2 protein chains.
Amino acid sequence: MRYSKQRNLILNILRENPVHPTAEWIFEKAREEMPGIGVATVYRNLNALVEAGEIERISGLDGVDRFDGNHMPHYHMKCNTCGRLYDLEPESQESLARMEEVIRETFPTEAVGIKLNTMLLKGTCKQCSCGEPM
Amino acid sequence: MRYSKQRNLILNILRENPVHPTAEWIFEKAREEMPGIGVATVYRNLNALVEAGEIERISGLDGVDRFDGNHMPHYHMKCNTCGRLYDLEPESQESLARMEEVIRETFPTEAVGIKLNTMLLKGTCKQCSCGEPM
DNA sequence: TTATAAGTGATAATCATTCTCGTTTATGAT
DNA sequence: ATCATAAACGAGAATGATTATCACTTATAA
């Protein structure tokens, strides 16, 4: 992969904005700095960066992919009620990391190498769950 | 929700074909029985049936949604290597159901009501994992 | 039987993403 | 340094899944 100003800009935007943006959002942000940049370039580079493991793609939301510049493996949560997408808090991250270990150890041989952190957790968030039966 | 021949046909197709088909596939299948049926009708009814809890939507694959007429809560697996999408075997289903219990009991209060079975497990399947490091 | 609201089908529209292709640019070798 | 070349770019067209529109049909309850 060769150096390019555009790719660097896109990567920086993702590193500096921990908000799981869409390609569209990144495109607009990139234009502010580099008005001539094209949409295709943004999509092309997002794909390349995902491929290279520099960023992460979050699919399965509502048809629009989102991206995450956070290097560390971590878990995402989508609230089915309010629709919010967010990183779990550290405590939950640790909790799930431990579970993942257990799953790796005890899961039947049928499916090997399940990676929970590539999945999107779906449920009901704290705010939305007040008074709601579980 | 009112009775309609079209909706019934679509539901039957899903019940009789445990293959996680796309809307397109269901449309083609439906035409064989009812040549005049329209695409919009298929999408409209798939949405309605998901909404009504009669069927399940599987998102986050490769941009195309898939549908599942299986009533029972169960887990799906997508192999990142061969791309196959399938129901886990009964043994794995049970294993994951137990884990889900554990998660419900021990998960921090931040996110309540996480439903593992609405997620798509991603990893490497048995066939693809032969000789591959985990 | 009839009123009416839900469902249908054809087709146009939407919208995220990819493709094409002629031009530009980073980079390794001379 | 400059050159060759393959990678990357930008504009705009194309794709493809899904949804919206709207006039017409049909299930259902009074």
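These numbers were taken from a predicted model, which means no experiment stands behind them. In what follows, every heavy atom counts, from backbone to side chain, and hydrogens, waters and symmetry copies are set aside. Chain naming here is simple, since letters A, B, ... match the order of the sequence lines and numbering starts at 1 in each.
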Notebook entry, point to check: Who pairs with A:Arg15 by salt bridge (Lys or Arg N to Asp or Glu O under 4.0 Å), at least two apart in sequence or on another chain?
Noted result: A:Glu54
Item checked: A:Glu101: partners by side chain to side chain contact (heavy atoms under 4.5 Å, CB included), with sequence neighbours left out -> A:Arg104, A:Glu105
Notebook entry, point to check: For the helix from C:dT1-D:dA30 to C:dT30-D:dA1, how many degrees between its two end axes (five pairs per end), to the nearest 10°?
Noted result: 30°
Next item on the list: Just jot down the side chain to side chain contact (heavy atoms under 4.5 Å, CB included) partners of B:Arg84, sequence neighbours excluded, or say none.
Entry: B:Cys82, B:Tyr86, B:Cys125, B:Gln127
Item checked: Heavy-atom donor-acceptor pair, B:Gln93 side chain to B:His74 backbone, under 3.5 Å -> no
Item checked: Separation of atom CG in B:Asp62 from atom P in D:dA17, rounded to whole Å -> 10 Å
Next item on the list: Give a yes or no answer on whether the side chain of B:Asn45 reaches the backbone of B:Thr41 with a donor-acceptor pair at less than 3.5 Å.
Entry: yes
Item checked: Check: B:Ile13 main-chain N/O paired with B:Asn17 side-chain donor or acceptor under 3.5 Å -> yes
Checklist line | 5'-most by nearest nucleotide on DNA chain D - B:Met1 or A:Val42 | finding: A:Val42
Next item on the list: Could you identify which residues cluster with A:Val64, counting Ile, Leu, Val, Met, Phe, Trp and Tyr as linked when any side-chain heavy atoms lie under 4.5 Å apart, either directly or through a chain of such contacts?
Entry: none
Which atom pairs, one a donor and one an acceptor, fall under 3.5 Å between side chains of residues 18-37 of chain A and the rest of the protein, sequence neighbours left out?
residue, atom, partner, partner atom, Å
A:His20, NE2, A:Asp68, OD2, 3.3
A:His20, NE2, A:His76, NE2, 3.3
A:His20, NE2, A:Asp87, OD1, 2.9
A:Thr22, OG1, A:Trp25, N, 3.1

Item checked: Interface residues of residues 15-40 of chain B with DNA chain C (non-hydrogen, below 4.0 angstrom) -> B:Gly36, B:Ile37, B:Gly38, B:Ala40
Item checked: Span of DNA chain C, from the first to the last nucleotide whose atoms fall under 4.0 Å of chain A heavy atoms -> C:dA16 to C:dT27
Item checked: Spacing between A:Leu61 atom CG and D:dT18 atom C1', to the nearest angstrom -> 17 Å
Next item on the list: Check for a donor-acceptor pair, side chain of A:Arg7 on one end and backbone N or O of A:Leu49 on the other, with a separation under 3.5 Å.
Entry: no
Note to self: Between C1' on D:dA17 and CG on B:Asn47, what's the gap in Å once rounded to a whole number?
What the structure shows: 12 Å
Check: So does A:Asn45 get a side-chain nitrogen or oxygen closer than 4.0 Å to the phosphate oxygens (OP1/OP2) of D:dC9?
Finding: yes
Next item on the list: Using a cut-off of strictly less than 4.0 Å between a heavy atom of the residue and any atom of DNA chain D, enumerate the qualifying residues of residues 3-12 of chain A by number.
Entry: A:Ser4, A:Gln6, A:Arg7
Notebook entry, point to check: Does the D:dA27 base have a donor-acceptor partner in the side chain of B:Arg2 within less than 3.5 Å?
Noted result: yes
Notebook entry, point to check: Minimum heavy-atom separation for B:Val50 to B:Glu56, with atom names?
Noted result: CG2-C, 4.4 Å
Notebook entry, point to check: Taking ILVMFWY side chains as joined if any heavy atoms are under 4.5 angstrom apart, and letting links pass through other members, which residues group with A:Tyr3?
Noted result: none
Margin query: Could you work out, with side-chain hydrogen bond (donor to acceptor under 3.5 Å, both in side chains) as the rule, every residue matching A:Arg44, not counting sequence neighbours?
Written below: none
Note to self: B:Ala97: which residues meet the side chain to side chain contact (heavy atoms under 4.5 Å, CB included) condition with it, sequence neighbours left out?
What the structure shows: B:Tyr75
